[in-house]
Amino acid sequence: MSTGLPHGYRRTGEDRIRESVGLSYPELAPGLVIEHRPGRTVTELDNLLGAALSGNVAPIHTDAHYSSQTPWGRILVCSGVTLNLVAGMTVRSVSGLTTANLAVDHVRFTAPVHIGDTLYAETKILTRRASESRPDTGVITCRTTAHNQAGISVLTFTRTFLVPLDADAARDATHY
């Protein structure tokens, strides 16, 4: 195996590497924009499970006939499902090392999402600072936006979370 490592991996032994999850505190610099891939196509099962788990059984999310009579003309994906799918798309790079979420703010659903839509997301790091109450932790605030396959914006939100200042120490301690 060559001595150089592919980006996003760390050496764990001879001829052995491990994928890295989550960018480190220094890498999450204000102004950085991360495009999250792959995109995620919303399925009927995603919508039904999300609606059932949340208890949101509004017919606009679950009844095709009812939904066909609305201005949308078809089932509208539950907003909680959309938010969770998009937030999940960001974890691998943005918050894979998060030790706590502090806030989700300014959530705006800007266009409808329907079954079969494919969502894409990007995150911009807004601020970064050392935590005042947890000396080994940093506070990151970012804004995530999502759009569908037609390039139409469907969601924006701001999130604040904690990450370890020393990513390698956290990865070593947790075998990540």
Looking just at side-chain N and O atoms, do T90 and R159 make a donor-acceptor pair shorter than 3.5 Å? yes

Any chance you could measure L28, atom CG, to T141, atom OG1, to the nearest 0.5 Å? 11.0 Å

Are more than 12 heavy atoms from other residues, nucleotides or ligands located less than 6.0 Å from atom CZ of R10? yes

Looking at Y9, does the NZ or CZ of R18 lie under 6.0 angstrom from its six-membered ring centre and within 45 degrees of the ring axis? no

Got a donor-acceptor contact below 3.5 angstrom from the T41 side chain to the D117 backbone? no

I would like to know whether I75 and Y66 meet side-chain contact (heavy atoms from CB on, under 4.5 Å); could you show each step before the answer? CA-CA 8 Å; I75 288 177; Y66 173 89; over 6 Å; no

Any side-chain heavy atom of L126 within less than 4.5 Å of one from T158? yes

Common cluster, V91/L119, ILVMFWY with side-chain heavy-atom separation under 4.5 Å: no

Neighbour count above 12 (heavy atom, 6.0 Å) for F109 CZ: yes

Is there a side-chain contact between V21 and L97, using heavy atoms and a 4.5 Å cut-off? no

Looking only at non-hydrogen atoms, find the nearest pair between A111 and I152 and report the distance. CB-CG2, 3.8 Å

What I want to find out is whether R128 reaches E27 closely enough, with some N-O distance under 4.0 Å, to be called a salt bridge. no

Side-chain contact test, heavy atoms from C-beta onward, threshold under 4.5 Å: evaluate it for V33 versus T123 and give yes or no. no

Does N47 use its side chain to pair, donor to acceptor, with the backbone of C78 at less than 3.5 Å? yes

One should read off an interatomic distance between T144 OG1 and H106 NE2, to the nearest 0.5 angstrom, of 13.0 Å

Would you indicate whether the side-chain heavy atoms of E122 and I34 approach each other to under 4.5 Å? no

Hey, quick one: are L155 and V94 part of the same hydrophobic cluster, counting side-chain heavy atoms closer than 4.5 Å, chains of contacts allowed? no

Cluster overlap V113 with L85, hydrophobic side-chain contacts below 4.5 Å: yes

Using modelled atom types only, decide if a donor and an acceptor are shared between the side chain of Y25 and the backbone of A130 within a distance under 3.5 Å. yes

Please check if the number of heavy atoms outside R40 that lie under 6.0 Å from its CZ is greater than 12. yes

Which pair of heavy atoms, one from A51 and one from V81, lies closest together, and at what distance? N-CG2, 4.3 Å

Drop me the distance from C142's SG to F161's CZ, to the nearest 0.5 angstrom. 4.5 Å

Decide yes or no for I17 and T12: does some side-chain heavy atom of the first lie under 4.5 Å from some side-chain heavy atom of the second? no

Could you give me the CA-CA distance, side-chain angles and deciding distance for L23 and V163, then say whether side-chain contact (heavy atoms from CB on, under 4.5 Å) is met? CA-CA 9 Å; L23 295 172; V163 295; over 6 Å; no

Looking only at heavy atoms, what is the nearest atom pair of T99 and P164, with distance? CG2-CD, 4.4 Å

Heavy-atom check, side chain of S68 versus side chain of R74, under 4.5 Å: no

With no hydrogens and no angle check, is any side-chain donor or acceptor of N101 less than 3.5 Å from a backbone partner on A103? no

Show your working on side-chain contact (heavy atoms from CB on, under 4.5 Å) between I125 and I140 and close with a plain yes or no. CA-CA 7 Å; I125 306 304; I140 305 291; 4.2 Å; yes

For the backbone of V77 and the side chain of H114, can you confirm whether one donor and one acceptor N or O come within less than 3.5 Å of each other? no

So T160 and V139, do their side chains get closer than 4.5 Å, heavy atoms only? yes

Can you name the closest pair of heavy atoms from R134 and S131 and give their distance? N-OG, 3.0 Å

Hey, could you give me the CZ/CE distance between R92 and M89, rounded to the nearest 0.5 Å? 13.5 Å

Distance col, row H61:NE2 vs I115:CD1, nearest 0.5 angstrom, shows 11.0 Å

Apply ring-ring contact (aromatic ring centres under 6.0 Å, His included) to Y120 and list each qualifying residue two or more places apart in sequence or on a separate chain. H147

Assess whether atom CD of E44 is packed by more than 12 heavy atoms of other residues, nucleotides or ligands within 6.0 Å. no

Stepwise, does the side-chain contact (heavy atoms from CB on, under 4.5 Å) test hold for D136 with D166? CA-CA 7 Å; D136 60 344; D166 186 344; over 6 Å; no

Expected output: side-chain T98 to main-chain A100 donor-acceptor under 3.5 Å: no

How close do L165 and P26 get, counting heavy atoms only, and between which atoms? O-CD, 4.3 Å

Do F157 and D105 come within less than 4.5 Å of each other through their side chains, counting heavy atoms only? no

Just wondering, more than 12 heavy atoms not from Q69 lying within 6.0 Å of its CD? yes

Hey, could you give me the NE2/OG distance between H36 and S93, rounded to the nearest 0.5 Å? 4.5 Å

Is there a donor-acceptor pair under 3.5 Å between the side chain of T43 and the backbone N or O of D46? yes

